[in-house]
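Right, one structure below, let's go through it.
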Amino acid sequence: ASRASEITFELPDNAKQCFYEEIAQGTKCTLEFQVITGGHYDVDCRLEDPDGLVLYKEMKKQYDSFTFTASRNGTYKFCFSNEFSTFTHKTVYFDFQVGEDPPLFPSENRVTALTQMESACVSIHEALKSVIDYQTHFRLREAQGRSRAEDLNTRVAYWSIGEAIILLVVSIGQVFLLKSFFSDKRTTTTRVGS
């Protein structure tokens with residue numbers, strides 16, 4: 001039997017978030033993650049077996065994928081850490097797949113090979129699974145692009161406001177400077193008696 005956890009979550013600055021999965025020995029598992037928004041789009045990731053042995057550890061990664069086979073029964077723990085960041089919170093997506101999909105047409109009690117129709121169904125099923133993967137990655141890239149565009153838009157707006165204020169201050173300064181050139185300066189003359 002196969003099961004998958006697919007979650008997108010907020011990881012605050014200076015925080016750590018852990019997830020736990022009960023896995024049977026000999027089960028093939030894949031952990032895939034990607035930082036969607038925040039800072040330099042990086043996060044620390046760590047995966048431990050039930051004995052606390054570190055199977056995977058990466059620092060400041062934007063995205064990665066790691067496949068392993070469970071060495072024993074128990075609860076496996078994987079954590080995402082943003083503890084190196086003091087003020088930037090992140091949005092992280094991960095997909096944790098445990099086990100492999102059961103075949104569409106189980107081979108037990110079969111004497112003959114797959115029929116042409118069954119073979120076509122299997123290939124269509126595989127193609128649809130890859131389409132789902134592509135859709136997920138494109139949705140993540142779209143969310144990342146939207147986040148960057150909104151961030152850029154905010155910066156441009158603040159820069160424009162700043163430029164307008166500077167322009168106003170410089171204009172007022174120039175008006176007062178020019179006015180001081182043309183205002184008559186009353187000079188006082190003192191007579192010195194002999």
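Here CD of Q135 is found 10.0 Å from OG of S130. Values are rounded to the nearest 0.5 Å. Note that CD of E163 and OH of Y158 are 16.0 Å apart. Values are rounded to the nearest 0.5 Å.
No chain of hydrophobic side-chain contacts below 4.5 Å, direct or via other Ile, Leu, Val, Met, Phe, Trp or Tyr residues, connects I36 to F80. In the hydrophobic clustering of ILVMFWY residues, with side-chain heavy atoms under 4.5 Å counting as a link, Y56 and V98 come out together. Residue F84 is not grouped with residue L11 when hydrophobic side chains (ILVMFWY) are merged at heavy-atom distances under 4.5 angstrom, including chains of intermediate members. Linking Ile, Leu, Val, Met, Phe, Trp and Tyr residues whenever their side-chain heavy atoms come within less than 4.5 Å places I7 and F66 in a single cluster. Under a hydrophobic clustering in which Ile, Leu, Val, Met, Phe, Trp and Tyr are joined whenever their side-chain heavy atoms come within less than 4.5 Å, directly or via other members, V175 and F182 fall into different clusters.
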- request: Go through the steps to decide whether Y76 and L55 satisfy the test side chain to side chain contact (heavy atoms under 4.5 Å, CB included), and finish with yes or no.
  value: CA-CA 10 Å; Y76 287 72; L55 302 175; 3.9 Å; yes
task: Check the pair F96, F78 against side chain to side chain contact (heavy atoms under 4.5 Å, CB included), reporting the backbone distance first and the verdict last.
output: CA-CA 10 Å; F96 191 64; F78 55 102; 3.9 Å; yes
field: Criterion side chain to side chain contact (heavy atoms under 4.5 Å, CB included) on E118 and V122, from CA distance to verdict
entry: CA-CA 6 Å; E118 288 171 337; V122 169; 5.6 Å; no
message: Could you go through F19 and S5, starting from their C-alpha distance and side-chain angles, then the distance that decides it, and tell me whether this counts as side chain to side chain contact (heavy atoms under 4.5 Å, CB included)?
response: CA-CA 10 Å; F19 300 88; S5 303; over 6 Å; no
message: Go through it in stages, so that I can follow the logic: the residues are K129 and D133, the test is salt bridge (charged side-chain N to carboxylate O under 4.0 Å, His left out), and I'd like the CA-CA distance, side-chain angles, deciding distance and then a yes or no.
response: CA-CA 6 Å; K129 283 197 325 194; D133 286 344; over 6 Å; no
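Evaluation of the disulfide bond (SG atoms under 2.5 Å apart) rule for C79 yields C18 as partners, not counting sequence neighbours. For T67, the side chain to side chain contact (heavy atoms under 4.5 Å, CB included) partners at least two apart in sequence or on another chain are K28, T30.
Between I23 and C29, some side-chain heavy-atom pair lies under the 4.5 Å cut-off. With contacts defined as side-chain heavy-atom distances shorter than 4.5 Å, the pair D42/V35 does not qualify. In this structure the side chain of L140 never reaches within 4.5 angstrom of the side chain of Y63, judged on heavy atoms.
Between the side chain of S85 and the backbone N or O of N82 there is no donor-acceptor pair closer than 3.5 Å. Under the 3.5 Å distance criterion, the side-chain polar atoms of E6 are left unmatched by any main-chain donor or acceptor of Y93. Listed for the D49 side chain is a donor-acceptor partner under 3.5 Å among the backbone atoms of D51. S171 places a side-chain N or O within donor-acceptor distance of the main-chain N or O of L167, the cut-off being under 3.5 Å.
Contact detail for A4 and Q97: the closest heavy-atom pair is CB-CG, 4.0 Å. In plain terms, the two heavy atoms of H89 and P12 that are nearest each other are CB-CA, 3.6 Å. Considering every non-hydrogen atom in both T88 and G39, the closest pair reads CG2-N, 2.9 Å. For the pair K90 and G38, the tightest heavy-atom approach, listed with the atom from each and the gap, is CD-O, 3.3 Å. Summarising the geometry of A24 relative to A70, their closest heavy-atom pair is O-CB, 3.5 Å, with the distance given to 0.1 Å. The two residues D44 and M59 come nearest to each other via the heavy atoms OD1-CA, 3.2 Å.
Heavy atoms of other residues, nucleotides or ligands lying less than 6.0 angstrom from CZ of R72 number more than 12. E22 CD: more than 12 foreign heavy atoms inside a 6.0 Å radius. Around atom NE2 of H40, no more than 12 heavy atoms belonging to other residues, nucleotides or ligands sit under 6.0 Å away.
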